[in-house]
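Here's the structure, in structure tokens; my notes come after.
Here the structure is a predicted model, which means the values were calculated and not measured.
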Amino acid sequence: MDAASMGRVLARIPYTRDLGLVIEQVKDGEVWMMLPDHRATQNLAGTVHAGALFTFGETVAGVAAGLQTLDRAFPFARRAEIRYRRPAQGSVRGRAGVAAAEVARIVEEIERDGRSELSVSAVLETADGETIAEVEVEYAFRPIGGKS
């Protein structure tokens, strides 16, 4: 799936739509996204709210998980963990990827068993590349249409 197609998918999710997330690039199983700087995602100290960072990190990981699977299965977060490294100010960039071998495994398991699982890591950074947070999300894949 390309960046424009995935952007249309994100636009249909009410919870994340209002964050203004931008898919900057999709290439070779990896995604680069941006959480724009705006007042709605800030806390009382003027830094990016921890909840906004968590949502952004899970979304980046979820987009990476779904890049090559959304035509047949949807990734649902089962467990997530975030490690905040420092407060974030301004726009935040996120990146995550899933190797082609993992995509092949997921597709095979979905076709064979009607389900699959995958763990995806995402890194959130400042505009100059300093790590703000690291996110690890475990996904359960279920076929589109609920077959399983």
Side-chain angles (χ1 to χ4, degrees), residues 1-110 115-144:
M1 185 171 288
D2 63 20
S5 297
M6 187 56 83
R8 286 190 291 278
V9 171
L10 277 182
R12 295 190 334 241
I13 303 171
Y15 186 73
T16 56
R17 178 179 45 230
D18 293 339
L19 292 176
L21 304 180
V22 176
I23 299 176
E24 296 182 315
Q25 183 178 2
V26 171
K27 182 179 178 184
D28 299 330
E30 292 189 311
V31 62
W32 290 264
M33 294 177 63
M34 183 182 60
L35 171 65
D37 182 23
H38 54 86
R39 185 72 188 123
T41 60
Q42 294 175 1
N43 59 27
L44 291 175
T47 60
V48 181
H49 193 283
L53 289 173
F54 183 89
T55 297
F56 180 51
E58 190 279 326
T59 303
V60 172
V63 168
L67 280 174
Q68 303 301 317
T69 63
L70 278 182
D71 60 336
R72 55 183 69 81
F74 189 86
F76 291 95
R78 295 183 59 201
R79 187 182 82 71
E81 184 176 322
I82 188 167
R83 180 170 185 222
Y84 299 100
R85 296 210 171 249
R86 69 183 250 355
Q89 290 186 309
S91 296
V92 176
R93 291 199 158 56
R95 59 183 163 81
V98 175
E102 283 293 281
V103 172
R105 178 189 60 80
I106 292 164
V107 170
E108 178 184 321
E109 289 176 358
I110 290 167
R115 60 182 58 211
S116 186
E117 296 179 352
L118 174 70
S119 182
V120 179
S121 297
V123 176
L124 308 184
E125 303 173 334
T126 62
D128 62 359
E130 186 176 351
T131 299
I132 296 165
E134 298 160 327
V135 182
E136 182 80 21
V137 185
E138 292 177 8
Y139 290 97
F141 289 80
R142 298 297 183 261
I144 301 293

Set of residues satisfying ring pair (Phe, Tyr, Trp, His ring centres under 6.0 Å) with respect to F76, sequence neighbours excluded: F74
In short, V22 meets P36 closest at the heavy-atom pair CG2-CG, 4.4 Å
V135 and V60: CA distance, side-chain angles, deciding distance, side-chain contact (heavy atoms from CB on, under 4.5 Å) verdict: CA-CA 9 Å; V135 182; V60 172; over 6 Å; no
M33 vs V63, test: side-chain contact (heavy atoms from CB on, under 4.5 Å). Steps then yes/no. CA-CA 9 Å; M33 294 177 63; V63 168; 3.9 Å; yes
Considering all heavy atoms of both residues, which atom of A65 and which atom of Y139 are nearest to each other, and what is their separation? CB-CD1, 4.0 Å
Which atom names give the shortest non-hydrogen contact between L118 and V120, and what distance separates them? CD2-CG2, 3.6 Å
For residues 73-94, the salt bridge (charged side-chain N to carboxylate O under 4.0 Å, His left out) pairs (sequence neighbours left out) are E24-R93, R78-E117, R79-E81, R79-E138, R85-E134, R86-E130
Non-hydrogen atoms of L35 and A52 that approach each other most closely: CD2-O, 4.3 Å
Nearest heavy-atom approach of S116 to I110 is CB-CG1, 4.0 Å
CG/L19 to CZ/F56 distance, rounded to the nearest 0.5 angstrom? 9.5 Å
Can you pull out every salt bridge (charged side-chain N to carboxylate O under 4.0 Å, His left out) where at least one residue sits in residues 9-19? Sequence neighbours excluded, please. none
Show your reasoning for whether side-chain contact (heavy atoms from CB on, under 4.5 Å) applies to V98 and L67. CA-CA 9 Å; V98 175; L67 280 174; over 6 Å; no
Step-by-step side-chain contact (heavy atoms from CB on, under 4.5 Å) determination, M6 to L70: CA-CA 9 Å; M6 187 56 83; L70 278 182; 3.7 Å; yes
Which heavy atom of P75 sits nearest to which heavy atom of G62, and what is that distance? CG-O, 4.0 Å
Donor-acceptor contacts under 3.5 Å from residues 40-50 side chains, at least two apart:
unit_1: T41; atom_1: OG1; unit_2: H38; atom_2: O; d: 3.0
unit_1: Q42; atom_1: OE1; unit_2: R39; atom_2: NH1; d: 2.9
unit_1: Q42; atom_1: NE2; unit_2: D37; atom_2: OD1; d: 3.1
unit_1: N43; atom_1: OD1; unit_2: A45; atom_2: N; d: 2.9
unit_1: N43; atom_1: OD1; unit_2: G46; atom_2: N; d: 3.1
unit_1: N43; atom_1: OD1; unit_2: T47; atom_2: N; d: 3.1
unit_1: N43; atom_1: OD1; unit_2: T47; atom_2: OG1; d: 3.2
unit_1: N43; atom_1: ND2; unit_2: T47; atom_2: OG1; d: 2.9
unit_1: H49; atom_1: ND1; unit_2: G51; atom_2: N; d: 2.8

Atom pair CG (L53) and OH (Y84), whose distance is rounded to the nearest 0.5 Å: 6.0 Å
Those residues at least two apart in sequence (or on a different chain) that pass salt bridge (Lys or Arg N to Asp or Glu O under 4.0 Å) with E30 are none
Which residues pass the salt bridge (Lys or Arg N to Asp or Glu O under 4.0 Å) test with E102, not counting sequence neighbours? R105
